[in-house]
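In what follows, every chain begins at residue 1, and chains take the letters A, B, ... in the order their sequences are listed.
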Number of protein chains: 2
Amino acid sequence: MRDGRPIDDRQTDGGEAFRSVEAQHTPSKFLTRLTGPDRAALAALAASRRVPRGEAVFSAGGPGKHVYFLESGKIKICQPSPAGNEIILWFCLPGEIFGLAEVSHGGGRVVSAFACEESLVLSLSQKDFREFLATHPDTVMLSMQALSSRLRVLGEMVVNLVSDDANTRIAKLLLRLAARYGKREGGIVHLDLPLTHEEIANMVGTTRQTVTTVIGQFRRQGVLSIENRRIQIESEDLLTEISQAAAPPAKHRPGS
Amino acid sequence: MRDGRPIDDRQTDGGEAFRSVEAQHTPSKFLTRLTGPDRAALAALAASRRVPRGEAVFSAGGPGKHVYFLESGKIKICQPSPAGNEIILWFCLPGEIFGLAEVSHGGGRVVSAFACEESLVLSLSQKDFREFLATHPDTVMLSMQALSSRLRVLGEMVVNLVSDDANTRIAKLLLRLAARYGKREGGIVHLDLPLTHEEIANMVGTTRQTVTTVIGQFRRQGVLSIENRRIQIESEDLLTEISQAAAPPAKHRPGS
DNA sequence: GCGCGTCTGTCGGCCAGCCGACATCCGCGA
DNA sequence: TCGCGGATGTCGGCTGGCCGACAGACGCGC
């Protein structure tokens, strides 16, 4: 199809830069951005729960009656595959809201939320959440930002999955995880995520053995190292090079 | 990980059925669900634009300053791959809102919106849209529903892409498109979507030739037929069987 | 501190489907 | 109505990576 001219977005502000992936895709730190009074109102409404490591906050197939906020710990949001593998879609870090996708249509859960480590979670019934939004208008944008951010994450995953070979998919996954969850110290990015090779394979559509092979190659190339089965990216630049090296030519691209 | 018990969602309502995919994933028909006064207020604020077939409403990389509503026509939302292929993420039908993911963080566009056929589009600046939400609280849930619905669509795509072989991915894509956009007449589902084999290939991560081969097989099996280069699903049941036939066993599944 | 279950590392045969190429068809715009 | 550019249909050589199997390592719970 021809490259079209945008309609109303066509006037661009001079010098407005496209934001980095990190800034663009950071999900709403809902709790952090609540003002004092809003935060107090939420705390008065919500129930607090401790979730042990490995336990589910909610499960796919169950009812979706509550919205959750992560006080501390780490949550992974998974969708089951037909074969029963749990595909990790994204992680939630402290401050983030989750489980709100069902608020608007009142349906059951399509995804599960598991605690990767012991976590402290606030829960609010959907009814109370709707009332909270209605009486705290600032929180509407925070909720929409959480949903939008995750929409972009999944969009990136889709494009990655349909476009790239296994090597590149793994490289790009690691870069995305680094951008969103990495802790940076002197040029090295620590991924404080308890990810097995099987979980990585499930996220990028390959096999556990292929991930083991590729991660081993990345270690030998000095791209990353492993400590306590956690990945540390020694050179984001090298990983970026790897992820761009195998770009295939466009089929059916005007001007190709 | 062990199957966890849900925390606050664990009490289920007796007999509450998990809704069908069609009901669950129907995006918010925003315009249709607006009440008369809300609709009039929106019409007073928004600008109307006619978009010829093939033109972009907005483009990836451009600024995201407006929110759009589709009065008539058909829009496809695409994200460019590194090779320059436009990957269709979803379609928008009349009544739907689109282009709102950038409202909450004010960033540039990651996706493009193209008119598949001549379309009539309302546009509203983000600023006006925020004010509209603030003064029309019913529209907050409609907006969140649109975002949530698309989140689920992309989640399904991700799980489909990482789990299935090419044959199954194509079958499931056709079923999803049928559920969301199909017109049903006497057991046959018409997909009134102008999709080429190349576009289908881009959506499921395969090649144009593989899609041509698989679509040909489906025709010979009586699963579907083609008219004016539009797919008609003759037997959803058969297509569903095909999409379930190749389910691989779970790796690392407790109890497998 | 120790044992164990899970995770990682390796191997090689096999095949799903990629890909370049070419012929034919047909929907759309003038 | 007609011409043409894009879409569809087919082919077969080739290869990326799947997969079952096995050995060794190690993180975690007791």
d(CG, B:L195; P, C:dG27) in whole Å = 16 Å

inquiry  = Over all strands shown, is B:T210 touching base, sugar-phosphate only, or nothing at heavy-atom distances under 4.0 angstrom?
reply    = sugar-phosphate

inquiry  = Near DNA chain D, counting only heavy atoms under 4.0 Å, which residues of residues 217-232 of chain B show up?
reply    = B:R219, B:R229

key: Proximity to the side chain of A:D165 - top-ranked nucleotide from D:dC19, C:dT8, D:dG17   = D:dG17

request  = Just call it for A:T196: base, sugar-phosphate, or nothing, with non-hydrogen atoms closer than 4.0 Å on any strand.
outcome  = sugar-phosphate

ask   = Can you find a donor-acceptor N/O pair under 3.5 angstrom joining the side chain of A:R208 to the base of C:dG9?
value = yes

ask   = Is there a donor in the side chain of A:Q232 and an acceptor in the side chain of A:E227, or the other way round, less than 3.5 Å apart?
value = yes

ask   = Side chain of A:E199, backbone of A:T196: donor and acceptor closer than 3.5 Å?
value = yes

key: Nearest-angstrom distance from the residue atom CG of B:L161 to P of C:dG17   = 13 Å

note = Out of C:dG17, D:dG17, C:dT10, minimum distance to the side chain of B:T206 belongs to C:dG17

ask   = Does B:Q209 get its side chain close enough to the base of C:dG20, under 3.5 Å, for a donor-acceptor pair?
value = yes

request  = Rounded to the nearest angstrom, tell me the gap between atom CZ in A:R169 and atom P in D:dG17.
outcome  = 7 Å

note = Among D:dG17, D:dG9, C:dC19, the one nearest any side-chain atom of B:T207 is C:dC19

message = For the backbone of B:V121 and the side chain of B:R49, can you confirm whether one donor and one acceptor N or O come within less than 3.5 Å of each other?
response = no

message = Looking at A:S119 and A:E117, would you say the former's side chain and the latter's main chain have a donor-acceptor pair under 3.5 Å?
response = yes

ask   = B:S243 side chain to B:A171 main-chain N or O, any donor-acceptor pair under 3.5 Å?
value = no

inquiry  = If I take atom CD1 in residue A:I200 and atom C1' in nucleotide C:dG9, what distance separates them, rounded to the nearest angstrom?
reply    = 15 Å

query = Of all the choices, C:dA21, D:dT8, C:dT8, which nucleotide is nearest to the side chain of B:H197 once you look at every atom?
reply = D:dT8

message = Output the rounded distance in Å from CD1 (A:I170) to P (C:dT8).
response = 13 Å

inquiry  = Could you tell me how far apart B:R53 (CZ) and C:dG27 (P) are, to the nearest whole angstrom?
reply    = 13 Å

query = Given atom CG of A:N167 and atom P of D:dT15, what is their separation to the nearest angstrom?
reply = 17 Å

ask   = What is the distance from CD of B:E198 to C1' of D:dG9, rounded to the nearest Å?
value = 14 Å

request  = For B:T168 and B:D165, test the side chains for any donor-to-acceptor distance below 3.5 angstrom and give the result as yes or no.
outcome  = yes

task = Determine yes or no for a side-chain-to-main-chain donor-acceptor pair under 3.5 angstrom, with A:Y181 supplying the side chain and A:D192 the backbone.
result = no

